[in-house]
Participant: 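Provided herewith is a single structure, encoded as structure tokens, for subsequent inquiry.
Naming: A, B, ... by sequence-line order, numbering from 1 per chain.
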Amino acid sequence: MFVPFFREFQQFQPQQWEQPQPQPQLLVPQAQPQSLQPQSRQAFRDSRNRLACHDNPHLSQQSVSGPIHDFGLESQSTFHGGDCAHSESMAVAPVRDDRRIVLHLDYDCFYASVFEVEQPALKSQPLAVQQKQIVVTCNYEARRRGLHKLQLIKDAKRICPEVVIVLGEDLTKFRDASKEIYHFIRSFIWGGRVERLGFDELSLDVTEMIDYNVELLNRNDMTTSFFHLNRNDPTVGFTYDATRYHGCTYPPSEGESPTLASSDPSTLEMRLLVGSHLMAYLRSQLEYEKGFTATGGISTSKLLAKLVGSVHKPNQQTTLVPPYEFTSDGKESNVIQFIDAHEIRKIPGIGSRLAQKLRTRVAEKNAGEEEMTVRDVRLCPGISPPLLEKTLGGPGAAKGIGQRIWGIIHGVDNTEVIEGRDLPTQISIEDTYGRGRLDSPESVRRELTVLAKSLLRRMRTDLLDKGDGNEEQPRWLAHPRTLRLSTRPRNAPETDGVRTYNANRISRSAPLPSLVFNLDESIDSLAERIVQDHVMGMFRRLHAEKSGWDLGLMNIAVTNMVESAGDQKQSSGRDIGKMFQQQESILRQWTVHESDDHLARKPEPEVLEESDSGWQDGDEDEDHDAPLLSIECNLCGAPIPHFAQQAHELYHASAEV
DNA sequence: TTGGAACAG
DNA sequence: AATTCTGTTCCAA
């Protein structure tokens, strides 16, 4: 049986168990007089951003209701009026939706960390991960000695002769570690709202978890609050101090005590603050359970959380604190302040091409050339969504690009956190080749066979559903329908002027022969066959027989995944079961088990009996006999099983920053 | 559906 | 500047 470690039990009224209600799909603050707002909507109104007013000298800061210039914004904009003569052509600042709380996690020097976890002795050494002639990443010990990402191995060795170099061309272990961390973090997050970006970044939409916990805050005892990680089991969670942010803030807190301006539990500030504690908990769990440190950002969108996260690295976290909008008493919007200072190229979603186009356009009006910040773009005379659409649009450009960039330069990103998929949309294997390595058709065939073998192995590890450990034959979870071969010439066509980026891959595709799904045939023989019968044909389509092709890269991929029918429910059901099991085993450390010693000190709260059946099932019987060796944290008073002590100390230690 | 461009780490 | 080895999304044909 459990004895819940649960400090705020008196708050737990039965009707609160259903909280929070699903939030209305209300994207826009309605322009209603405050007095008409129902009290229950007040929290939304307060925490939501209204107009992102900006300091364009052409615009007055006074908000005036008036005609709406709709530049394709799905949401309504309040008109920012001022000088009437110009107002007709004036662009309207987009509206940010600040109802969500988004956490962004970025594992510190991920590839290097994978090796350090494998081999802890490496932690104290300068460590670089090599792919071909390049240091793709290195640990911070190496960075302290002047090494950095994407540095030539030559230079690295010269600058730091003691550097330990490990080969990282095979991404298998990174992919595996990435997946494991993803599932680990996702097991904490309600609704599975976790999006992967590359191997080493996650965005988490934790709105539901935050709203639920903010509702349950006890305003009379904020310093020993309890964060609930499980709606069905009030013993699961951690204690935290809800009078202060965990970790760094942007802007930095000034006074000695960075306490909350307002302890109103429904403000954006309180939601971000609670989010900062969840972030700290997740990071400490990640470090203790998996050995990876991560950098965190806390805000209301993927864009802002990611950007603010990178303010303090590594192994730290930063919260972008309110006000997110201009206030009546003249306080600046921290969002605008923050994003304004960034170089446009540094903004996620603005790559080299868009940055280039923006620079040339804005530079026409501005004197400044090389350095161009978001502020320069935002304050560019005449700038507006249609203008951006015109300058950034063109053949191939994404539709609505002007509106998107308009939002981004105002710190507005309303894109959703997408639930991670269980299957990739494509699997590709590539290698680069030095001079003379790919001279003959025979050598090409040989290398393509090597790639094909890797690809087939990847298909079997990633697309196959090995039964539940039984003797059942594995089943394909998805069938890619297309096979693609891409190549890149060695000599990047260094053409005239500014035009050249690395767009120099060419490809051919063909239907993927279904024989690759035959599990009875060996990968080696399968690879020989498809290279001979299919891939070489594609290669000939790409490169005429005679001409001396000079290739620096070859890539083969399977794309166009079609998920196998029928198995959907089964597999997702199993996933959830696994997730739950994992979460239970992780969270168990925070649940204090019955013991005479403990019962004597902390009698079971009476309220527990009412809801006893609600959250308890018999799963934990195996722990019944486990001896309890717990201590009490002298900082927050939480009882901690000994084996969780280190994690708990980490949690407090990172609070000091 | 195919092939490429642009984005990301 | 582009280097590695991937991966996603979008567009035009």
Participant: Which whole-number value in Å describes the distance from A/Ile134 CD1 to C/dT4 C1'?
Facilitator: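 Between C1' of C/dT4 and CD1 of A/Ile134: 6 Å.
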Participant: How close or far is atom P of C/dC5 from atom CG of A/Leu167, stated in whole angstroms?
Facilitator: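 From A/Leu167 CG to C/dC5 P: 9 Å.
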Participant: Could you write nucleotides 8-13 of chain C as a row of B, S and -, 5' to 3', where a protein heavy atom under 4.0 Å of any base atom gives B, of only sugar-phosphate atoms gives S, and otherwise -?
Facilitator: BSSSS-
Participant: Tell me: CZ of A/Arg175 to P of C/dC5, nearest whole Å?
Facilitator: 12 Å
Participant: Looking across every strand, which nucleic acid part, if any, lies under 4.0 Å from A/Thr482 by heavy atom: base, sugar-phosphate, or nothing?
Facilitator: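 Since only primed, P, OP1 and OP2 atoms lie under 4.0 Å of A/Thr482, the category is sugar-phosphate.
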Participant: If you look at every strand shown and take non-hydrogen atoms under 4.0 Å, does A/Lys306 touch a base, only sugar-phosphate, or nothing?
Facilitator: sugar-phosphate
Participant: Is the distance from the ring center of A/Phe292 to that of A/Phe110 below 6.0 Å?
Facilitator: yes
Participant: Could A/Arg143 and A/Tyr140 be counted as a cation-pi pair, given that NZ or CZ must be under 6.0 Å from the ring centre and within 45° of the axis?
Facilitator: yes
Participant: Distance check, rounded to the nearest 0.5 Å: A/Gln316 atom CD versus A/Met279 atom CE?
Facilitator: 12.5 Å
Participant: Ion pair present between A/Lys173 and A/Asp176, side-chain N to carboxylate O less than 4.0 angstrom?
Facilitator: no
Participant: So which nucleotide from C/dT6, C/dT4, B/dG3 ends up closest to the side chain of A/Thr432?
Facilitator: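 When the side chain of A/Thr432 is considered, C/dT4 is the closest of C/dT6, C/dT4, B/dG3.
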Participant: Nearest-Å distance, CD (A/Gln133) to C1' (C/dT4)?
Facilitator: 11 Å
Participant: For the pair A/Trp406 and A/His410, name the ring-plane relationship: parallel under 30°, tilted 30 to 60°, perpendicular over 60°.
Facilitator: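 Ring orientation of A/Trp406 relative to A/His410: tilted.
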Participant: What's the CD1-P distance between A/Ile401 and B/dA6, to the nearest Å?
Facilitator: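 The distance from CD1 of A/Ile401 to P of B/dA6 comes to 11 Å, rounded to the nearest Å.
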Participant: OP1 or OP2 of B/dG3 less than 4.0 angstrom from a side-chain nitrogen or oxygen of A/Ser507, does that happen here?
Facilitator: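 False: A/Ser507 side-chain N/O out of range (4.0 Å or more) of B/dG3 OP1/OP2.
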Participant: Measure from the side-chain heavy atoms of A/Arg345 and tell me the nearest of B/dC7, B/dA8, C/dT4.
Facilitator: B/dA8
Participant: Is the distance from OP1 or OP2 of C/dT4 to the nearest side-chain N or O of A/Arg505 less than 4.0 Å?
Facilitator: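 Looking at the OP1 and OP2 atoms of C/dT4, neither is under 4.0 Å from any side-chain N or O of A/Arg505.
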Participant: Please state whether the phosphate of C/dT4, meaning OP1 or OP2, lies under 4.0 angstrom from any side-chain nitrogen or oxygen of A/Arg488.
Facilitator: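 It does, given that an N or O in the side chain of A/Arg488 lies less than 4.0 Å from OP1 or OP2 of C/dT4.
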Participant: To the nearest angstrom, how far is A/Leu150 atom CG from C/dC5 atom P?
Facilitator: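 In whole Å, C/dC5 P and A/Leu150 CG are 12 Å from each other.
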Participant: Tell me which of A/Arg481 and A/Leu542 sits closer to the 5' end of DNA chain B, going by the nucleotide each one is nearest to.
Facilitator: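 By nearest-heavy-atom nucleotide position, the 5'-most residue is A/Arg481.
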Participant: Atom OH of A/Tyr111 to atom C1' of C/dG7: distance rounded to whole Å?
Facilitator: 10 Å
Participant: Quick check on C/dC5: is either OP1 or OP2 less than 4.0 Å from any side-chain nitrogen or oxygen of A/Ser428?
Facilitator: no
Participant: Would you please confirm or rule out a distance under 4.0 Å between OP1 or OP2 of B/dG3 and any side-chain N or O of A/Arg541?
Facilitator: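 So the side-chain polar atoms of A/Arg541 do come within 4.0 Å of the phosphate oxygens OP1 or OP2 of B/dG3, strictly under.
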Participant: Choosing from C/dC5, B/dT2, C/dT6, which nucleotide comes nearest the side chain of A/Gln131?
Facilitator: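 That would be C/dC5.
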Participant: Apply salt bridge (charged side-chain N to carboxylate O under 4.0 Å, His left out) to A/Arg193 and list each qualifying residue two or more places apart in sequence or on a separate chain.
Facilitator: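 Applying salt bridge (charged side-chain N to carboxylate O under 4.0 Å, His left out) to A/Arg193 gives A/Asp205, A/Glu416.
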Participant: Using OP1 and OP2 only, check whether a side-chain N or O of A/Arg458 sits under 4.0 Å from C/dG7.
Facilitator: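 So the side-chain polar atoms of A/Arg458 do come within 4.0 Å of the phosphate oxygens OP1 or OP2 of C/dG7, strictly under.
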Participant: Any idea which of C/dG7, C/dT4, B/dG3 is nearest the A/Arg508 side chain?
Facilitator: B/dG3
Participant: Between A/Asn315 and A/Arg283, does any side-chain donor sit less than 3.5 Å from a side-chain acceptor?
Facilitator: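 A donor-acceptor contact under 3.5 Å links the two side chains.
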Participant: So, are A/Lys313 and A/Asp108 salt-bridged, with charged N and O less than 4.0 Å apart?
Facilitator: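 Not counted as a salt bridge, because no side-chain N and carboxylate O are separated by less than 4.0 Å.
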Participant: Across the strands shown, which category fits A/Ile350 at heavy-atom distances under 4.0 angstrom: base, sugar-phosphate, nothing?
Facilitator: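 Sugar-phosphate, no base atom in range.
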Participant: Under 4.0 angstrom, heavy atoms only, what part of the nucleic acid is A/Gly168 near: base, sugar-phosphate, or nothing?
Facilitator: nothing
Participant: OP1, OP2 of B/dA6 versus side-chain N and O of A/Ser352: anything below 4.0 Å?
Facilitator: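 Negative; the distance criterion is not met.
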Participant: Quick one: do A/Lys302 and A/Asp413 make a salt bridge, cutoff under 4.0 Å?
Facilitator: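 Answer for the salt bridge query: no.
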Participant: Taking the nucleotide of DNA chain C with the nearest heavy atom to each, does A/Asp462 or A/Gln151 sit closer to the 5' end?
Facilitator: A/Gln151
Participant: In whole Å, what is the span from the CZ atom of A/Phe174 to the C1' atom of C/dC5?
Facilitator: 10 Å
Participant: Sticking with atom P, work out how far B/dG3 lies from C/dT4, rounded to a whole angstrom.
Facilitator: 24 Å
Participant: May I ask you to say what A/Asp106 touches in the nucleic acid, namely base, sugar-phosphate or nothing, with a heavy-atom cut-off under 4.0 Å?
Facilitator: nothing
Participant: Mapping A/Phe199 and A/Lys149 to their closest nucleotides on DNA chain C, which lands nearer the 5' end?
Facilitator: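 First, find each residue's nearest nucleotide; the 5'-ward one identifies A/Lys149.
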